[in-house]
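Order of listing sets the numbers, starting from 1, for every ligand and every atom in it. If you read the sequence from its start, that first residue is 1, and numbering goes on from there.
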Amino acid sequence: MPNALSLCSVSKSFGNFKALDSVDFSVRSGEVHALLGENGAGKSTLMNIACGLYAPDEGHVTMDGKTILLSDARDAASNGIGMVHQHFKLVPAFTVLENLALFNRGRPASETGARAQELAREMGFELDLARRTGSLGVAEQQRLEILKVLVAGARFIILDEPTAVLSDQEAQALMVMIRGLADAGSAVILVTHKLHEALNHSDRITVMRGGRKIAETAPDDMDAGKLTTLIVGEQIIETPEPSPSIGQTHVRLSEVRVPGQGGRKGLEGVNFRVRSGEIYGVAGVAGNGQNELAEVMMGIATQTSGSIEIEGHGDVSQMTPGARRRIGLASIPVDRYRFGLAGRRSIADNYAVSGVLSGKYGGWFRFKRALARKLTREAVEAFDVQGVRGTGMRAGLLSGGNAQKLVIAREFESEPEVVLAHSPSRGLDVRAGAAVHERLRAARDRGAAVILISEDLDEIFLLSDRIGVLSGGRMVAEFEAPANRNDVGKAMISHE
Ligand code: ADP
Ligand code: MG
């Protein structure tokens with residue numbers, strides 16, 4: 001059984017952009033090796049080379065010291081290398097078994113199914129092979145992706161930002177699973193930009209920045225401060241800043257109901273108000289109505305009763321999403337690819353869409369393309385969107401954090417009166433997360449009413465002027481900042 005996989009001096013360019021510059025990286029069985037770096041540092045590119053998706057321009061891959069050639073993912077699989085990608089590659093219309101079998105062709109499906117059941121049991125969860133994959137939750141889909149590569153016999157397991165899409169609790173469970181895999185003799189690469197995951201759950205840490213390897217170290221020699229400095233090249237510490245001035249009630253939700261979907265609870269009569277110049281933090285355990293609340297405010301969920309009043313516009317419950325946007329409601333959705341950006345369209349198209357609606361570019365028929373491009377370039381600059389090689393580049397090529405910054409640039413361009421942000425820093429690195437928080441505070445400071453929905457209590461406490469706790473589809477408690485963390489935590493679980 002081979003026990004070490006190494007990438008030796010690998011370089012990779014896209015056009016004339018050097019994404020990797022002579023990077024060395026290795027992992028051995030029994031260890032969890034964390035690969036840390038900001039969005040765009042080159043982590044995914046490096047891992048795509050390790051799993052045979054990209055060929056390096058220079059350098060090579062070795063297993064136990066011998067060079068191996070990986071011309072595609074199949075070669076990697078036959079060498080025991082399996083990667084769970086940042087964006088899942090499951091077929092939603094297929095069942096769990098069909099997805100497993102698709103990835104493990106050349107073996108009877110019944111055998112694949114039995115092996116998957118066995119592995120799932122070892123890892124401590126139940127697997128329903130007949131379930132349609134599209135109906136699984138994110139964490140379940142991720143476990144299926146992991147099972148997929150394990151069933152194929154992977155002993156080198158690459159997880160690309162696996163916790164970016166998970167709640168705190170789900171992430172905790174995943175860390176336990178990862179440790180179990182390493183203890184059983186697998187080599188695990190944990191790609192992440194979360195300091196605590198690297199510090200608490202890895203045996204070795206490699207830090208990348210700008211396509212280069214900056215450091216390789218042990219978690220025991222590191223702390224959050226040192227690690228941040230390595231990752232971003234500077235120290236970033238965020239502290240709470242109270243609102244300079246809170247005004248009148250600007251948004252009021254009364255008895256808002258939304259039916260639940262897929263066995264989940266919806267909203268069962270939600271009441272709260274947000275004043276201008278205030279950040280209202282909505283805390284809660286994932287799955288207690290957060291998605292429904294965000295979607296009903298944006299106008300994409302079915303509201304069966306109640307009202308959403310916005311000062312000066314009355315009840316907006318019946319307004320289309322476009323109409324809400326035009327009266328000054330901006331949103332940073334949790335799923336930026338699904339609701340935020342059109343991945344196949346250019347960066348300029350994605351940025352300009354709100355301006356097109358408002359007629360800023362001369363309407364659909366005499367679209368001022370040059371103006372749209374110019375303003376896009378300025379926004380990209382102002383919001384520090386990195387990795388943009390021309391405004392004609394497909395938005396889907398941006399890394400997660402930079403895609404998020406593009407959504408924010410667009411949403412904040414028109415100085416919205418009401419801002420709805422759902423887990424705005426999820427999936428972002430420290431610097432990008434701090435930049436997003438700064439934008440939210442700036443919107444508040446110029447008088448916007450900001451609603452922050454987040455399952456990350458740190459984020460809630462860092463930003464909120466007032467905190468509401470959403471549990472079982474209702475706002476069950478409210479706290480003025482500075483609130484007691486224990487009290488908020490208790491309210492979060494009291495009604496489950
Ligand atoms: P990370 O995973 O650390 O966030 P990536 O490896 O995804 O970073 O990206 C590194 C850089 O390479 C980014 O600037 C990204 O835009 C660029 N890049 C990645 N894949 C491609 C591609 N297929 N074509 C062009 N540029 C790419
Ligand atoms: Mg990546």
Side-chain angles (χ1 to χ4, degrees), residues 7 10-25 33-59 72-73 83-89 142 145 158-166 189-195 197-198 205-216 227-228 230-233 336-337 341 343-348 350 376 380-381 383-407 425-433 435-436:
L7 292 128
V10 296
S11 296
K12 176 80 188 170
S13 294
F14 297 107
N16 50 20
F17 173 78
K18 197 154 196 171
L20 292 177
D21 187 359
S22 196
V23 177
D24 289 305
F25 181 87
H33 190 159
L35 178 58
L36 268 178
E38 284 194 283
N39 297 125
K43 305 177 299 292
S44 294
T45 305
L46 187 70
M47 292 302 110
N48 281 330
I49 289 176
C51 80
L53 276 185
Y54 292 159
D57 298 336
E58 285 161 57
D72 54 24
M83 175 153 169
V84 175
H85 294 269
Q86 210 165 349
H87 302 287
F88 300 157
K89 295 183 184 293
Q142 186 171 65
E145 287 278 16
I158 305 166
L159 299 159
D160 194 359
E161 307 240 8
T163 59
V165 292
L166 301 182
I189 302 174
L190 172 64
V191 180
T192 181
H193 55 253
K194 294 187 185 146
L195 305 176
E197 287 174 7
I205 302 175
T206 287
V207 179
M208 287 183 69
R209 194 197 315 152
R212 291 209 173 87
K213 173 165 159 178
I214 296 297
E216 184 178 320
L227 211 44
T228 310
L230 286 175
I231 293 169
V232 299
R336 42 222 179 230
Y337 286 109
L341 290 178
R344 289 171 197 281
R345 303 298 295 266
S346 71
I347 288 176
N350 272 287
T376 304
V380 159
E381 180 92 2
F383 284 79
D384 191 32
V385 185
Q386 290 174 7
V388 176
R389 288 175 298 288
T391 54
M393 182 174 125
R394 277 175 44 197
L397 285 179
L398 289 174
S399 67
N402 288 305
Q404 181 76 315
K405 286 191 228 167
L406 183 65
V407 171
S425 70
R426 183 187 289 181
L428 299 190
D429 56 57
V430 189
R431 192 208 316 249
V436 168

Cut-off 3.5 Å, side chains only: do N402 and Q404 have a donor facing an acceptor?
no
If you have a sec, work out which protein heavy atom is nearest atom 25 (C) of ligand 1 and how many Å separate them, to one decimal?
R389 NH2, 3.0 Å
Do you see a donor-acceptor pair shorter than 3.5 Å between the side chains of D57 and S11?
no
Quick check on E38 - does any of its heavy atoms sit under 4.0 Å from an atom of ligand 1?
yes
Atom 23 (N) of ligand 1 [closest protein heavy-atom partner, distance rounded to 0.1 Å]:
Y54 OH, 3.4 Å
For atom CD of E381, is the number of surrounding heavy atoms from other residues, nucleotides or ligands below 6.0 Å larger than 12?
no
Quick one: nearest non-hydrogen protein atom to atom 11 (C) of ligand 1, plus distance?
F17 CE2, 3.6 Å
Polar contact flag for S399 and ligand 1 (N/O pairs, less than 3.5 Å):
no
To which protein heavy atom is atom 7 (O) of ligand 1 closest, and what is the distance rounded to 0.1 Å?
S44 CB, 3.7 Å
Distance below 4.0 Å between atom 15 (C) of ligand 1 and any protein heavy atom?
no
Salt bridge (Lys or Arg N to Asp or Glu O under 4.0 Å): pairs with one or both residues in residues 46-56, sequence neighbours excluded
none
For residues 34-48, which residue pairs qualify under salt bridge (Lys or Arg N to Asp or Glu O under 4.0 Å), counting only residues two or more places apart or in two chains?
E38-R431, K43-E161
Result of checking R212, M208, K12 against D21 for side-chain contact (heavy atoms from CB on, under 4.5 Å):
R212
Is it the case that the side chains of K213 and T206 hold a donor-acceptor pair, with the cut-off being a distance below 3.5 Å and no angle test?
no
I need the nearest protein heavy-atom contact for atom 6 (O) of ligand 1: residue, atom name and distance, please.
T45 OG1, 2.6 Å
Just jot down the ligand 1 atoms closer than 4.0 angstrom to any heavy atom of N39, in number order.
4 (O)
Rounded to the nearest 0.5 Å, how far does CD1 of I49 lie from OG of S44?
11.5 Å
How many angstroms lie between CD in E145 and CZ in F88, if you round to the nearest 0.5 Å?
6.0 Å
Of the protein's non-hydrogen atoms, which lies at the shortest distance from atom 19 (C) of ligand 1, and what is that distance?
F14 CE1, 3.5 Å
Could you give the distance from CG (L398) to NZ (K405), rounded to the nearest 0.5 Å?
10.0 Å
Can you find an N or O of A41 that's nearer than 3.5 Å to an N or O of ligand 1?
yes
Show the atoms of ligand 1 that are less than 4.0 angstrom away from any heavy atom in A19.
12 (O)
Can you tell me if, anywhere in S44, an N/O/S atom lies at a distance from the Mg ion (ligand 2) that is smaller than 2.8 Å?
yes
Within the structure, is a non-hydrogen atom of G40 found at a distance of less than 4.0 Å from ligand 1?
yes
Does ligand 1 have a heavy atom under 4.0 Å from the side chain of Q386, from its backbone, from both, or from neither?
neither
